[in-house]
Structure formats: structure tokens, C-alpha cells
Amino acid sequence: MGSLLDNLNEQQREAVVHGEGPLLVSAGAGSGKTRVLTYRIAHLLASGAADSAEITAVTFTNKAAREMRERVEELLGRPLYGGFVGTFHRWALEVLRRWPRAAGLPDRFGIADTDDQRAMMLRALKDLELDPKELPPRMVLSRISGMVNRGTDREAFVDRATSSSDETIGRLWERYEKLKTVSAVVDFDDMLVRALRAVRKDTKVRDAVARRARFLLVDEFQDTNSLQMDLLTIILDGRGNITAVGDEDQSIYRWRGAELANILSFETFFPGAQVVALEENYRSTEPILTVAGGLIAANRGRRGKKLFTSREGGEAVRLHIAADERGEARWVADHIESKVGNSQLKEMAVLMRTNAQTRPFEEELTRRRVPYRVVGGLRFWQRAEIKDALAYLRLAVRPGDLLSFERVINVPARGIGAATIDVLRRAARDLGLNLPEAARQLPEGLSPRARLSLEKFFLVLDEAPGRREELAPGDFVGWLLEASGLFAMYEGEAEDRVARRENLQQLAAAVAEAAARGQGLEELLDSVALLEENEDQGAPGGVALMTLHSAKGLEFDVVFLAGLEDGLLPHANSRDEPEGLEEERRLAYVGMTRARKWLALTGARSRFLFGQRQPTRLSRFLDELPTEAVDDVSEPVASWSAQPGVGSEVRPRPTRSGGATPARRRGGPAPATVTDADGTGWRPGDRVRHQRFGSGVILACQGTGAQLKLVVFFDRAGRKTLVPTIARLEKV
DNA sequence: GCTTGCGGTATTTTT
DNA sequence: TACCGCAAGC
């Protein structure tokens, strides 16, 4: 263990060997935050100060939790038994699953995801005869969530409501709560609220949780909201034995209720706290730190760390403003290709403010056949066919699951429409049953067709428990997909049908895999609801495209921070409020500090937005950067603004021969291409190999550039249509 | 009850 | 531009 401590600098060591009592590690970007956290846990265990069953470490993302556990186990050389390492929501959910009654929940309850929430709120609006167009469900929900996360409950909100719109929200809130109760589900916020209620109400629960959290460690402390803070405080019960690690400059979840005050006033919340600041950065080169540091210095709400590095040198930060978003994408792609020799593609990332910004980059990279992966974005678990299948699985686990029942009662279409549902709903009310139970009675008033359909539907659901016992989990899913008719729903060779069938197969595979890891179906469903296993879409080793929010906690050799325009970064919805603007600045700061060796800031002078091309204004953040560390390699304005019709459409411009590209400036070589220059390289008749489908022969090539698709006949898997860059095809 | 087509509207970030 | 919701027709 002594040798372990040798790997740490003085401040890191101070934090690691800290005994009991509150400790705040104010850790700048790249200063070894995770290292301190993991070493501290390892040290507590190795020195005998704590047993692993007394450690609770809480993070915000599943990824961070997994990484922490892995690194601790690596240090210890053994698995970490007992204790808890996971997200706040997972922590809360475990309390609810173990003590549902203390939390005011039925023994079996489900989790309402965002779609479920929206559906319930829509229903609430309809029940109250309100117009969803004037009062969008999403808005109402975010309003309510905002209150909840600030620790305001419904009663308090209703009491204080003065405006009529607040009163309406209050009524909707009540109705929404009712719908959740009837459906026996909790939403994300409920997990925290109800866990808090359970530990407040029942000292046995609190003691059990506290025993397991004799040493409580919290990562990303700057993102905690008051609800989470309450939870922590109660578990600590005055002992104050908390290790909080965070960086106020990286607080980017204000919209979710994060209270910067929790970290800024840590010493007030936890008197006598020791504070350790980690300011030596081990990640980035000096120019990158200078630029990022220059930017964040404009913020007022901070403890005021100043990062430094003992390493010297490094390339200046590039700034490139292109004529439009396609030019921006081209410039980025040029530099990705030119850097392939020095860094792997997976060590490069394009970061942006909104998910919608990825498109031009995807198109450009696809055109050049540069593999990329979109992190976040369209998620596997949110696809309609997967959600339908999950609903069937939920019903197999929890037959009374109302939301799932309603979701699939007519999927695949079996002739049960609004009229039938109405009959069932009325019957449910009259009989005092919930919808699935009432439907099971096959009440009067059903058309013969509907009656027959319902009978068949229940036949499948009733057979499920038995099948579940006799079949392996993966096979059970396969059976359910067949029996329910979900699989048959997507028969045919149309591309999207094939894709959907594949997704369903992947689901069965995922369940089988989870089972192999010892995870049961119930746990898997919980995990899915908490958005775990949220895989990246696209080529595994490719360039990463993601939002700034998803980028937090990651690092790359090469980073492009795209869309430095007023309205995007800072975003239009946040820039007009001082605190909102500061958060936008922090977002930009987070993006910059992801870069190890090379950083570029890019933007466009016009952008296609809301269906039309619009001129943009450059981000005000650019004015705040220390000029000496930035190398402006923007496309010269003259090369585009002199031409008539600027901004009306994307024009061919004198690309590589025209603008002052960095390569020209530095006299460097022209960007190398990842694949062969122009010839697509794919011809009908070629034999190819695919990771999953095995070998096959190309039947046809459709489209060109971004649209290039190959129709391949695989020896084993039959006919498939593939996008070659994404499918990772190999020539044989 | 289901499918199709039209028109309107939206684009912040996520556990 | 792209998607979603709704209305009308089958």
C-alpha cells in the first residue's frame, strides 16, 4: 500500500489518507479525481479503517460507477464485496425494492420512463379537459420535476400557488400522482423522494442504509440537488463522514436542479470540513489549459482554482469558422483524417451542444468512410419495437403492470381500438378493478371480435410464467416474441423491418447475456429503466460524436468543440440569465478540458435551422479567450462573403485549394484519407465478411456517398442491406 | 378499426 | 427539414 501512495502528489495523498469527518476534494479537470476516489477506497480497506460492506460510493452515471468499481477492484486485486457503488438513482431504487412499504409503495412496482411519464401527463391533461397544445406534457413535467428536485412537494406548491396557471399545474400534478399510484409505478424523481421518505420515516431503514455507508463518498458533487443533499444529510445523521469530490467549474446540471451552493458552501453544510484542492492537471497541454482557464475565469460563482501543468509545449488551440455547417464538418473531417497517423480514431471526439448538430458530421464522415460512433442519441432501448417487447416482458414479471398492458394490448394490431378500451375502462371503474383485471373478466359490451382477441392475448400472457420457468432466459424472450406476434409483425425484406427484427433478436441476446452474468429478468428490467447498458451507436473504434453533457468525465487526444455560435453555445434558452450563461460557459469549459493533445474550436457563419438557412453570430465566449494561445485559421471571410447569394444555399466552394487551411499554413502534407480516395471499393460480385453475418457476396450497390448502401447475400444469414462504414464490412 | 396523407410545429442538455 | 398528431377515407 505504501507503494500505492507513491503514485500520488501531495494533495492527492492528503485526500486519500484523510481519516473520518467531512472532506471536500475540489478537483479541477484532469487532476486525478477518480484516482483519488478509488485510491481512497482502496486505502480505507487496505488499512483496515473500513470494511468493504461499510463503503457507499455514489455517482451520477452508470459509466462512472462501473469505472470506479473496476479500478478499486484492480487496486485491491479482488472483488469488492458488500457496500454500494452506483448511481444516486440506483441507490434509491435499492432502498425502495428492499423496503417498499416504508416508501409508501406496493410490494411490486414498476418504473415509469420518460415516455410513460409523458403518456400519463397527457392523460391527466385530457382528464382535466385541458389542451395539450397549450400546455405540452413535457413542459408540465419539467416544471413539476423542477419543484420536486428543489425539495418542494405538491402540497407546498399548491398552498403557494397564486397565479391561475400555477393552480392548473397543481391540479395536473395531483392527477399525475394519482395515475402513478393507480399504475403502481415510480418515476425518476420519485425514486429519490420516496427513498428519502423511507429513511426519514423508518429509523430501521435509515440505520441499515447508514451502516452500509459508514464511509460515504460522492462523486461529481457539484451536480447534487437539494433532494440528494437531504438524502446524504439524513444518512450521515450528524456524523458528517462524507468525502465529496467535485469541480464547480464542471457543474452542468442546473436545469435538473443541481445546486452549486452545495459545493461552494460545503464548509457551511459540513462544519469543520477539510478542503483539498487538486490543481495540477495531468491531462492537457499548456495551450489547452490556458484557453480553457481563460474562459472559465469569466465566471463568478466559483471557488477559483487555477489549473497548471508541469509539462511544456503543445500545439496552439485552433479556431476555425466556416461558411456553413457543412464547411465546418468538412474542416473537422479533414483534420480527423490528417491526424489518423498520430492518434487512433477512438481517441478523437467532436463535441457539441445539442444532439441535432451531429447530422452534418455524420454525413461528412460517412461520405469519407471514416468510422464514427454517436454516443447517446437514438437509443436502442427507446426504439418502438424494443419498448413493445419490454412491455411484454414486464407483463410476464408483473401481470398488473398497467402502463405496459395499455401499451401492448393492441400490439401487434389485433382489433382492439379506442372503443374497446373505453368499454374496458368503464368496466374497470364499475368493478373497482384495474384495467388488466377488468379486461380479464371479458365484460359485457365487447364486440365478438374484441372478445376473441382479448382471449388470445391473455392466453399468451398466462402461458408466460410457465414458459419462463422451463426455458433459459434468452429462449424465453424468443418464445415471447413469437407467441405475442411481435416478431411476425416485422416480416418481410423491407430494410426497416429487417432492422427491427434484428433489434428484437439483439434484445433476446442481451437477456441471455445478462442471465450469464447472473442478472435476472427483473433486475435487467430495472437496469433498462435506469438507462444502463446504453451502448454507443456505430463503429466501436470510430470517432466519437456526442453532446457536451455526455462528454463529461471522458478524455480524448483530439477534440473538436463545434458550433461556437451565439444561440447554440451559449444556447438561446439559457444565455439571457446570468446563471444560465455561466452554466453555458462551464459547458464550453468541460468540452475544452476533454482534450489531451489537440483542441480545435469550430463554428459556422450560417446554419440551417428551422427549415431555413440563417446567418449566425459568433459565440461571445470566443471574445473571452486569451488570444495568444489561439491560432485563428478561419476560412477567410473574403472567400465567401464577396460572392452573391451568400447563405442562400450551400455552394461548392474552392475547398482544399481555397481557404487558408492549417495544412497549407504550416506547409504540412495534404490530409491523408482513411480509405481509398474515390473509388468506393465495393463492387457487385465482391465477396465480403461481416462480424455477425459471416461471409457473403455483394449483390448490388445503391446510392453514393452518404447514401451508399450494399445489398449483400450472406451464405448463412441471407439477404441484408448494409451501410458499409457502419456495418464494418471486410473484403475477402 | 386501420391506414394514409396532410399540415402544423419544433429543436437543450439526461438519471 | 423531419417528425408527430390528427382527420378523413377505406
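None of these values were measured; they are calculated from a predicted model. Each chain gets a letter, A, B and so on, in the order its sequence line appears, and its residues count up from 1.
- Protein atom CG of A/Leu141 is 14 Å distant from nucleotide atom C1' of B/dT14, rounded to whole Å.
- Protein atom CD of A/Gln117 is 13 Å distant from nucleotide atom P of B/dT15, rounded to whole Å.
- The separation between A/Asp113 atom CG and B/dT15 atom P is 13 Å, rounded to whole Å.
- For the atom pair A/Thr354 OG1 and A/His571 NE2, the distance stands at 6.0 Å (nearest 0.5 Å).
- Environment of CZ in A/Arg425: crowded, with over 12 heavy atoms of neighbouring residues, nucleotides or ligands closer than 6.0 Å.
- In this structure, A/Arg359 reaches the sugar-phosphate backbone alone: every heavy-atom distance under 4.0 Å involves primed, P, OP1 or OP2 atoms, never a base.
- Across the protein-nucleic acid pair, A/Leu227 atom CG and B/dT15 atom P stand 17 Å apart, rounded to whole Å.
- By the 4.0 Å N-to-carboxylate-O rule, A/Glu584 lies close enough to A/Arg353 to be salt-bridged with it.
- Rounded to whole Å, atom C1' of B/dT14 lies 13 Å from atom CG of A/Leu192.
- Put simply, CD on A/Glu363 is 11 Å from C1' on C/dT1, counting in whole angstrom units.
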All N/O contacts under 3.5 Å from nucleotides 6-13 of chain B to the protein, with atom names and distances to one decimal?
from   : atom 1 : to       : atom 2 : distance (Å)
B/dT12 : OP2    : A/Asn573 : ND2    : 3.4
B/dT12 : O4'    : A/His571 : NE2    : 3.4
B/dT12 : O2     : A/Arg353 : NH1    : 3.1
B/dT12 : O2     : A/Arg353 : NH2    : 2.4
B/dT13 : OP1    : A/Asn355 : N      : 3.0
B/dT13 : OP1    : A/Asn355 : ND2    : 3.2
B/dT13 : O2     : A/Trp255 : NE1    : 3.1
B/dT13 : O2     : A/Arg353 : NH2    : 2.7

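- The existence of a salt bridge linking A/Asp190 and A/Arg197 is excluded, since no basic side-chain nitrogen approaches an acidic carboxylate oxygen closer than 4.0 Å.
- Nucleic acid contact for A/Phe88: none, since no nucleic acid atom lies under 4.0 Å from a heavy atom of the residue.
- B/dT12 sits 23 Å from C/dG5 when the C1' atoms are compared, rounded to a whole Å.
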Set out, line by line, the N/O atom pairs under 3.5 Å between protein and nucleotides 1-4 of chain B.
from  : atom 1 : to       : atom 2 : distance (Å)
B/dG1 : OP2    : A/Gly417 : N      : 3.0
B/dG1 : OP2    : A/Thr420 : OG1    : 3.1
B/dC2 : OP1    : A/Asn410 : ND2    : 3.4
B/dC2 : OP1    : A/Gly415 : N      : 3.1
B/dC2 : OP2    : A/Asn410 : ND2    : 3.4

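- For the pair A/Asp187 CG and B/dT14 C1', the interatomic distance rounds to 14 Å; values are reported in whole Å.
- Taking atom NZ on A/Lys63 and atom P on B/dT14, their separation rounds to 11 Å, with Å as the unit.
- Applying the 6.0 Å contact sphere to NZ of A/Lys63 captures no more than 12 heavy atoms from other residues, nucleotides or ligands.
- At a threshold of 4.0 Å, the pair A/Asp324-A/Arg605 does not count as salt-bridged, since none of the basic side-chain nitrogens sits closer than that to a carboxylate oxygen.
- Each of A/Phe188, A/Phe60, A/Phe221 was checked for a ring-ring contact (aromatic ring centres under 6.0 Å, His included) with A/Phe88, and the lone residue meeting it is A/Phe60.
- A/Phe621 and A/Tyr589 have their aromatic ring centers separated by at least 6.0 angstrom.
- Using a 4.0 Å cut-off between charged side-chain N and carboxylate O, A/Arg394 and A/Glu522 make no salt bridge.
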